[in-house]
*Asks:* 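Let me give you the structure first, and then I'll get to my questions.
As the structure is a computational prediction, the values presented were derived from the model and not from experiment. Lettering of chains follows the sequences in order, A, B, ..., and the numbering in each one begins at 1.
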Number of protein chains: 2
Amino acid sequence: MTSQTELNHYSSEHNHNQCVSLALSTAQSLCNERGVLLTTIRYQVLTLIWESHKAVKAYELLDRLRPLQAAAKPATIYRALDFLIEQGLIHRVESLNAFVGCRCSDQQHEQLLLICKLCEQVDERPAPEVMSALLDESKQAGFMIHSKAIEIHGICIHCRTK
Amino acid sequence: MTSQTELNHYSSEHNHNQCVSLALSTAQSLCNERGVLLTTIRYQVLTLIWESHKAVKAYELLDRLRPLQAAAKPATIYRALDFLIEQGLIHRVESLNAFVGCRCSDQQHEQLLLICKLCEQVDERPAPEVMSALLDESKQAGFMIHSKAIEIHGICIHCRTK
DNA sequence: AGGTAATTGTTATATTATTACATCAGAACT
DNA sequence: AGTTCTGATGTAATAATATAACAATTACCT
Ligand SMILES: [Zn+2]
Ligand SMILES: [Zn+2]
Ligand SMILES: [Zn+2]
Ligand SMILES: [Zn+2]
């Protein structure tokens, strides 16, 4: 039996409320373990990001945060984003200047991102074969990896078949 | 015997003048074949990008173009960059908002980019195993690929060993 | 030469992100 | 309780990146 939160978010059976709960509680646990503060603002921004599986822009987040934090300014958002990225709770989508919740923040964080041009949803995949091929290639090049951005743009299965 | 332009640009034997000549003449040929114009401005911008193997920012290019084109404005640069990207003559490095010459514009254009944090040089590699793993993974996900950005940040072999 | 499409000039503005410094809140110590 | 330190937030200004809109010019085709 598969838990609903493990289902791909394209699936009609995907229970997003459960998906968000899991993300938020995982975030809270990780921050506790690490002795860092998931403050109100940070939690609110993380919640806003998790409203969907779409990548969200910083200034869009700012607009959506303002009803909750009247004083919110660009720095408010960027600080929260910096924190969430540092803690591996969200991904920055480099090719969109946007941000998306990470569904595997307790495991390997860097993933392959499949970004749909139609629905704008981002599917993150561990893609072990890709990662190991990247390691091999880097090793051959004598290159020491610090971080990876592997972003594929195209059309997701849901948008193709509907 | 290996031609000098085929040598990795980290090598001390790398002849960059030759490297640039090849890039510019390839660009010219490709544009001829395709019936598109490599205008003066576009050629100048391409030449500026090829001054090194580092990724260059748009506004830095603008500053360097102005001595040659007094009227140059942001749109001037961004139009030239758009053209060069469309023609596969340069790469946009998404994770840096910067641009780098493409050394394989006559072949497969999308490549793995190894980006050094120290010398800022970008090494592009066809990385066939990585590409085929990406294809497999996308196929499994039912995802139709339009474009790829595969960008690895770290320390290059030259910076590690010097 | 005249008509057309592509390119460039020009101005303004939108979007994304950072810096610097002041203030505040909580923990740790005296 | 007061003092000090640290991390977080408030606030204002500005930097850096990118696009839109429309006019003028140039290249190209008949
Ligand atoms: Zn979900
Ligand atoms: Zn889609
Ligand atoms: Zn070179
Ligand atoms: Zn280097």
*Asks:* Which of residues 91-101 of chain B have a heavy atom under 4.0 Å from DNA chain D?
*Replies:* B:Arg92, B:Asn97

*Asks:* Does anything in residues 68-90 of chain B form a side-chain hydrogen bond (donor to acceptor under 3.5 Å, both in side chains)? List the pairs, not counting sequence neighbours.
*Replies:* B:Arg34-B:Gln87, B:Gln44-B:Gln69

*Asks:* When you measure from every atom of DNA chain C, which of residues 65-77 of chain A have a heavy atom less than 4.0 Å away?
*Replies:* A:Pro74, A:Ala75

*Asks:* Could you tell me which residues satisfy side-chain hydrogen bond (donor to acceptor under 3.5 Å, both in side chains) with A:Glu124, sequence neighbours excluded, listed by chain and number?
*Replies:* A:His91

*Asks:* Tell me which pairs pass side-chain hydrogen bond (donor to acceptor under 3.5 Å, both in side chains) where either residue lies in residues 128-144 of chain B, with sequence neighbours left out.
*Replies:* A:Arg125-B:Glu137

*Asks:* Got a donor-acceptor contact below 3.5 angstrom from the B:Arg66 side chain to the B:Ala72 backbone?
*Replies:* yes

*Asks:* Students should find this one: the first and last nucleotides of DNA chain D, 5' to 3', lying under 4.0 Å from a heavy atom of chain B. What are they?
*Replies:* D:dT17 to D:dC28

*Asks:* Might you list the N or O atoms of the protein lying below 3.5 Å from N or O atoms in nucleotides 26-28 of chain C, with each pair's distance?
*Replies:*
none

*Asks:* Are any of the side-chain heavy atoms of B:Leu84 and B:Val45 separated by less than 4.5 Å?
*Replies:* yes

*Asks:* Quick check: do A:Cys19 and A:Arg103 have side-chain heavy atoms less than 4.5 Å from each other?
*Replies:* yes

*Asks:* Could you note down all residue pairs passing salt bridge (charged side-chain N to carboxylate O under 4.0 Å, His left out) where residues 41-59 of chain A supplies at least one of them, sequence neighbours left out?
*Replies:* A:Glu51-A:Arg64

*Asks:* Tell me: CG of A:Asp82 to P of C:dT19, nearest whole Å?
*Replies:* 10 Å

*Asks:* Using rotation axes that map the C1' atoms of four end pairs onto the next four (five pairs an end), what angle separates the end axes of the helix from C:dA1-D:dT30 to C:dT30-D:dA1, to 10°?
*Replies:* 30°

*Asks:* Report the residues that fulfil side chain to side chain contact (heavy atoms under 4.5 Å, CB included) with A:Pro126, sequence neighbours left out, ordered by chain and then residue number.
*Replies:* A:Gln108, A:Gln111, A:Pro128

*Asks:* Using whole Å, report how far OH of B:Tyr78 lies from P of C:dT13.
*Replies:* 19 Å

*Asks:* Just list the side-chain donor-acceptor pairs under 3.5 Å for residues 151-161 of chain A, sequence neighbours left out, or say none.
*Replies:*
{"unit_1": "A:Glu151", "atom_1": "OE1", "unit_2": "A:Glu94", "atom_2": "N", "d": "3.3"}
{"unit_1": "A:Glu151", "atom_1": "OE1", "unit_2": "A:Ser95", "atom_2": "N", "d": "2.8"}
{"unit_1": "A:Glu151", "atom_1": "OE1", "unit_2": "A:Ser95", "atom_2": "OG", "d": "2.4"}
{"unit_1": "A:Glu151", "atom_1": "OE2", "unit_2": "A:Glu94", "atom_2": "N", "d": "2.8"}
{"unit_1": "A:His153", "atom_1": "NE2", "unit_2": "A:Ser95", "atom_2": "OG", "d": "2.7"}
{"unit_1": "A:Arg160", "atom_1": "NH1", "unit_2": "B:Gly142", "atom_2": "O", "d": "2.9"}
{"unit_1": "A:Thr161", "atom_1": "OG1", "unit_2": "A:Ile157", "atom_2": "O", "d": "2.8"}
{"unit_1": "A:Thr161", "atom_1": "OG1", "unit_2": "A:His158", "atom_2": "O", "d": "3.4"}

*Asks:* Looking at DNA chain D, which of residues 29-58 of chain B put a heavy atom within less than 4.0 Å of it?
*Replies:* B:Leu37, B:Lys57

*Asks:* Decide yes or no on side-chain contact (heavy atoms from CB on, under 4.5 Å) for B:Ile49 and B:Leu89, but give the supporting numbers first.
*Replies:* CA-CA 10 Å; B:Ile49 289 175; B:Leu89 302 174; over 6 Å; no

*Asks:* Grab the CG-C1' distance between A:Leu81 and C:dT16 for me, whole Å please.
*Replies:* 12 Å

*Asks:* Are B:Val122 and B:Phe99 connected, step by step, through hydrophobic side chains (Ile, Leu, Val, Met, Phe, Trp, Tyr) whose heavy atoms are closer than 4.5 Å?
*Replies:* no

*Asks:* Roughly, in whole Å, what's the span from CD in A:Glu60 to P in C:dT16?
*Replies:* 9 Å

*Asks:* Look only at the side chain of A:His16 and the backbone of A:Trp50, and say whether a donor-acceptor pair between them is shorter than 3.5 Å.
*Replies:* yes

*Asks:* Quick one: pull up CG in B:Leu114 and CD1 in B:Ile150 and give me the separation to the nearest 0.5 Å.
*Replies:* 10.5 Å

*Asks:* Once rounded to the nearest 0.5 Å, what's the spacing between atom CG of B:Leu134 and atom CZ of B:Phe143?
*Replies:* 11.0 Å

*Asks:* Tell me: CZ of A:Arg79 to P of C:dA22, nearest whole Å?
*Replies:* 14 Å

*Asks:* State, yes or no, whether a side-chain contact exists between A:Phe83 and A:Leu38 at a heavy-atom distance under 4.5 Å.
*Replies:* yes

*Asks:* What orientation do B:His53 and B:His9 show, parallel under 30°, tilted 30 to 60°, or perpendicular over 60°?
*Replies:* parallel

*Asks:* About how many Å separate OG1 of A:Thr47 and CG of A:Leu61, when rounded to the nearest 0.5 Å?
*Replies:* 11.0 Å

*Asks:* What's the separation between atom CE in A:Met144 and atom SG in B:Cys116, rounded to the nearest 0.5 Å?
*Replies:* 9.0 Å

